There are 2 protein chains.
Amino acid sequence: MSKAIQELTILKEHLTKHNLKLTRQRENILTTFLKMEHVTAEHMYRLLAKKDPHIGLATVYRTLKLLCEAGLAKEHHFGTQTQFDNVAHKGHHDHLICTDCGKIVEFENCQIERLQEEVATRNGFTIKTHRLELYGLCATCRS
Amino acid sequence: MSKAIQELTILKEHLTKHNLKLTRQRENILTTFLKMEHVTAEHMYRLLAKKDPHIGLATVYRTLKLLCEAGLAKEHHFGTQTQFDNVAHKGHHDHLICTDCGKIVEFENCQIERLQEEVATRNGFTIKTHRLELYGLCATCRS
DNA sequence: CCAGAAATTGAGAGCATGAATCATTATCAG
DNA sequence: CTGATAATGATTCATGCTCTCAATTTCTGG
């Protein structure tokens with residue numbers, strides 16, 4: 001649980017820095033969020049509604065966005081849905097995906113990340129996140 | 001324009017094979033689609049409405065999906081928007097996406113592609129395709 | 001501790017994208 | 001030509017998320 005306390009501290013610092021307030025709802029959402037690897041806002045809403053039927057959907061959306069701003073969560077779009085990933089559960093990584101057997105290998109490559117920054121700068125962009133997926137055949141499926 | 005005729009043939013074959021019919025609307029949408037590298041359904045709708053104010057948005061959505069099924073187009077999700085890419089224009093490119101205004105800049109970077117190959121080889125993979133999207137703020141939205 | 005300014009909340013309306021409905025119209029095989 | 005069947009387009013519906021606003025909560029500083 002010292003982990004959770006650490007994250008609560010990060011949130012508190014973010015709130016203070018931006019003149020925001022720590023509320024019961026924000027604390028609840030953070031606590032629930034930290035227990036999982038990822039959630040959708042809708043799912044989070046249903047979970048919280050069990051304990052506190054008066055929680056508002058808008059608050060869930062707002063708070064999840066807040067957690068992203070505080071660096072504790074990260075948004076990911078999958079088709080129509082948006083997932084919020086718990087950053088603590090995994091550092092950022094990219095994926096190698098086998099189109100045959102579905103195997104997924106995670107990797108990280110600083111050189112690629114550096115080049116991405118370069119491309120962005122050249123186009124006047126400031127990168128916040130990225131997604132890199134390589135699709136192909138793994139060693140087993142190729143033979 | 002022999003190129004366009006070729007694509008029209010592909011569409012006709014697909015229609016025949018699935019007992020579908022060739023309509024004026026489908027032909028118009030294909031013709032317009034072939035002129036561009038990518039469109040959203042909404043954008044396509046506005047283009048077509050200039051010539052034929054009675055075109056239905058539903059028809060545009062249905063036909064773009066049809067083009068995907070015929071292998072002439074490919075869907076891509078960017079946040080809330082869905083883009084349809086012209087497969088024939090297929091110089092592969094990656095995307096810089098502004099999370100604020102939705103602006104999309106395409107780029108190509110051989111060095112990144114080479115590093116991707118390297119990562120794949122190291123993991124025993126043979127890459128067929130990839131997807132690289134950089135999310136951030138464009139120059140205008142940052143200021 | 002308390003007052004009051006300021007942020008936050010929740011309920012519901014609003015909005016955008018895209019899919020489903022259905023009466024009318026167009027296509028095309030025979 | 002003609003009839004079966006597919007397609008169209010106007011509209012409604014569904015989803016996912018944001019906005020609005022009155023009421024409530026937080027928290028600063030006196």
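Here is how names work: the chains are called A, B, and so on, in the same order as the sequence lines, proteins then strands, and each is numbered from 1. These numbers come from the heavy atoms of this one structure, side chains and all, not from hydrogens, waters or symmetry mates. Every value quoted in this text rests on a predicted model; they were computed, and no experiment measured them.
Between Lys17(A) and Glu13(A), none of the side-chain N atoms (NZ, or NE/NH1/NH2) sits under 4.0 Å from a carboxylate O, so this pair counts as no salt bridge. Taking a cutoff of 4.0 Å between a charged side-chain nitrogen and a carboxylate oxygen, Glu118(A) and Arg122(A) qualify as a salt bridge.
Atom CG in Leu22(B) sits roughly 12 Å away from atom C1' in dA6(D) (whole-Å rounding). In this structure, Leu20(B) atom CG and dA26(C) atom C1' are separated by 14 Å, rounded to whole Å. One atom, CG of Asn19(B), and another, P of dG30(C), lie 10 Å apart when rounded to the nearest Å. Here the P atom of nucleotide dT9(C) and the CG atom of Leu48(A) are 12 Å apart, to the nearest Å. As a whole-Å value, the separation of Glu42(B) CD from dC15(C) P is 15 Å. With rounding to whole Å, Arg46(A) atom CZ is found 12 Å from dC17(D) atom P. Between the CD atom of Glu27(B) and the C1' atom of dA7(D) there is a distance of 15 Å, given to the nearest Å. What separates CG of Leu30(B) from P of dA7(D) is a distance of 15 Å, to the nearest Å.
Looking at Glu42(B) and Tyr61(B), their side chains come closer than 4.5 Å, going by heavy atoms from C-beta outward. Using a 4.5 Å heavy-atom threshold, the side chains of His130(B) and Asp94(B) count as touching. In this structure, the side chains of Leu20(B) and Arg26(B) come closer than 4.5 Å at one or more pairs of heavy atoms. Phe84(B) has its side chain out of reach of His38(B): every pair of non-hydrogen atoms, C-beta onward, lies at least 4.5 Å apart.
Listed in residue order, the members of residues 67-75 of chain A having a heavy atom less than 4.0 Å from DNA chain C come to none.
Atom CD in Glu7(A) sits 10.5 Å away from atom OG1 in Thr31(A) (nearest 0.5 Å). For the atom pair CZ of Arg131(A) and CD of Glu133(A), the computed distance is 5.0 Å after rounding to the nearest 0.5 Å.
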Given side-chain contact (heavy atoms from CB on, under 4.5 Å), test Leu132(A) with Leu132(B) step by step and report yes or no.
CA-CA 4 Å; Leu132(A) 172 57; Leu132(B) 171 57; 3.9 Å; yes

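Considering only side-chain N and O atoms, Thr82(B) lies under 4.0 angstrom from the phosphate OP1 or OP2 of dG18(C). Remark: Tyr61(B) is in phosphate contact with dG18(C), judged by side-chain N or O atoms under 4.0 Å from OP1 or OP2. Remark: Gln81(A) is not in phosphate contact with dT15(D), judged by side-chain N or O atoms under 4.0 Å from OP1 or OP2.
When the options Leu8(B), Leu22(B), Thr63(B) are evaluated for a side-chain contact (heavy atoms from CB on, under 4.5 Å) with Leu30(B), the one that passes is Leu8(B).
More than 12 heavy atoms of other residues, nucleotides or ligands lie within 6.0 Å of NZ in Lys128(A), so this atom counts as buried by the packing criterion.
End-to-end axis angle for the helix from dC1(C)-dG30(D) to dG30(C)-dC1(D), using five pairs per end and rounding to 10°, comes out at 30°.
Donor-acceptor pairing under 3.5 Å, judged by distance alone, is present between the side chain of Lys21(B) and the base of dT5(D).
The closest side-chain donor-acceptor pair between Gln83(B) and His95(B), if any, does not fall under 3.5 angstrom.
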Give me, pair by pair, the N or O atoms of the protein and of nucleotides 8-10 of chain D that are less than 3.5 Å apart, along with how far apart they are.
residue: dT8(D); atom: OP1; partner: Thr23(B); partner atom: OG1; Å: 2.8
residue: dT8(D); atom: O3'; partner: Gln25(B); partner atom: NE2; Å: 2.8
residue: dG9(D); atom: OP1; partner: Gln25(B); partner atom: NE2; Å: 3.0
residue: dG9(D); atom: OP1; partner: His54(B); partner atom: O; Å: 3.3
residue: dG9(D); atom: OP2; partner: Gly56(B); partner atom: N; Å: 3.1
residue: dG9(D); atom: OP2; partner: Thr59(B); partner atom: OG1; Å: 2.9
residue: dG9(D); atom: O5'; partner: His54(B); partner atom: O; Å: 3.2
residue: dG9(D); atom: N7; partner: Arg62(B); partner atom: NH2; Å: 2.6
residue: dG9(D); atom: O6; partner: Arg62(B); partner atom: NH1; Å: 3.4
residue: dA10(D); atom: OP1; partner: His54(B); partner atom: ND1; Å: 3.3

